[in-house]
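Per chain, numbering begins at 1; letters A, B, ... match sequence-line order. Model, not experiment: these values are computed from the prediction.
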Number of protein chains: 2
Amino acid sequence: MNDDSNPPELAKSTVDRIREGAAELFRERGYSGTTTRALSAVAGIEKASLYHHVGGKEDLLYELCVTTLEDVATVFQSALDDGTSPIETLELVARRYVERALVDRDRHATMLTEIRSLSSDRRAEVIARRDQNVAVVRGVIGQAQEAGLLRADIDAKYLTLALFNLLNWSIFWFDPSGDLEPKEIGQILWMIYVDGAVLKAPPARKGRGSRA
Amino acid sequence: MNDDSNPPELAKSTVDRIREGAAELFRERGYSGTTTRALSAVAGIEKASLYHHVGGKEDLLYELCVTTLEDVATVFQSALDDGTSPIETLELVARRYVERALVDRDRHATMLTEIRSLSSDRRAEVIARRDQNVAVVRGVIGQAQEAGLLRADIDAKYLTLALFNLLNWSIFWFDPSGDLEPKEIGQILWMIYVDGAVLKAPPARKGRGSRA
DNA sequence: GTCTATACACAGATAGAC
DNA sequence: GTCTATCTGTGTATAGAC
């Protein structure tokens, strides 16, 4: 029963149930809208028992944000390791990032929207971590521009923001029981980021169907 | 002093101060994170006086959501009225929408993120209104596809979601005191939605710098 | 139309037995 | 490690004077 040589995946520890339940509730109701009563209920324990495992409600949010941003950093590093050109690296960044965010939706959505609920010290630290991740992507985009692989008429800053726009909002409408898997959504969004939504004239007569 | 023949724009009514303050606080702290004390403080009155002007805290959120979605519907209708082709209509939809959302950031951000805090009846009504607005855009995108103006290898559903991805997330990083105006951000995002971020080979040799 | 005072529920967190 | 019981602050909302 309380033998700690559990076979893997059979039983989750109480603290893991709390963490996963917290991510789900925070995403669904927001941090302020989630009570410690709800947190304990979803973990199957009483309110008071919660404090044996975690310091408090805010600690749960802080830990969630930090670990999630570390996961993102790991994803980005893997793209840097595997990409053989700036554009391929960027493709790996985008597709692996959105796939990870959608698969681990509760934690990523919470991290993206509830940073404001952290105390100011912790908020500053978490924002710095997030900005560091964004800076990595911006670096790749800058390299791709210099290599002539990305358009140069838009500043790297806004090419970066636009990419995160395109990827991040998916977390609000993604349906795990829907018709597309996270990987497929990443593919579609990357296609649009690369070529846009407008149908280009086939390479028959002119090079591009330019407008205006 | 309490003469109600005020010249326009000199003094806002108490209920307007409450509504505007509520939008700002809801965006910054979330609905659950905003107290009636804070709402009354930002309007310059005591807590109790709040209830002379509004039914309660949730009424403020509900009214904000409904009126904001009506504003969006009006913006979309103006695009339908003014556009002379599906692609021009879509451009007007996208650029006017993002401009409106960024100029009226507090209300739009709140509507986009706090619908979950409404009671279930009101939430259903508000979501229906939102879905109706999205359906209008999807209709335009479908027409543009049929006219051969938008790529057809991605379903209209996802071309629509991708467009809203690209536009909506801007509300989280837009800085009113930043270097770009809402109109310019709309222009950049529309450029990317149309042509993508990748630099196309100039129409010299081949039609497109195709990859993979 | 605004105020002071307050009702009453519920929040996060703790004490101490088992 | 979990429980019952409880503390204390704060939440939304109301009563009633001015």
To the nearest Å, how far apart are [X] [atom1] and [N] [atom2]?
{"X": "Tyr31(B)", "N": "dG11(D)", "atom1": "OH", "atom2": "P", "result": "14 Å"}
{"X": "Glu46(B)", "N": "dA15(D)", "atom1": "CD", "atom2": "C1'", "result": "16 Å"}
{"X": "Leu61(B)", "N": "dT12(D)", "atom1": "CG", "atom2": "P", "result": "13 Å"}
{"X": "Tyr51(B)", "N": "dG11(D)", "atom1": "OH", "atom2": "P", "result": "11 Å"}
{"X": "Lys47(A)", "N": "dT4(D)", "atom1": "NZ", "atom2": "P", "result": "10 Å"}

**Asked** For Thr34(B), which contact category applies under a 4.0 Å heavy-atom criterion: base, sugar-phosphate, or nothing?
**Response** sugar-phosphate
**Prompt:** Which part of the nucleic acid does Thr35(A) contact within heavy-atom distance under 4.0 Å: base, sugar-phosphate only, or nothing?
**Reply:** sugar-phosphate
**Request:** Over all heavy atoms of both residues, which pair between Leu189(B) and Ser170(B) is shortest? Give the atoms and the distance, please.
**Result:** CD1-OG, 3.2 Å
**Message:** Looking at Arg37(B), I'd like to know whether one of its side-chain N or O atoms comes within less than 4.0 Å of OP1 or OP2 on dT10(D).
**Reply:** no
Answer yes or no: is there a side-chain heavy-atom contact under 4.5 Å between [X] and [Y]?
{"X": "Phe172(B)", "Y": "Leu112(A)", "answer": "no"}
{"X": "Trp169(A)", "Y": "Asn165(A)", "answer": "no"}
{"X": "Asp155(B)", "Y": "Leu159(B)", "answer": "no"}
{"X": "Glu46(B)", "Y": "Ser40(B)", "answer": "no"}

**Item:** DNA chain C: 5'-most and 3'-most nucleotides touching chain B, 4.0 angstrom heavy-atom criterion
**Value:** dG1(C) to dT6(C)
**Asked** When rounded to the nearest 0.5 angstrom, what is the spacing between CZ in Arg100(A) and NZ in Lys183(A)?
**Response** 11.5 Å
**Message:** Heavy-atom nearest nucleotide on DNA chain C for Thr36(A) versus Arg17(B): which residue maps closer to 5'?
**Reply:** Arg17(B)
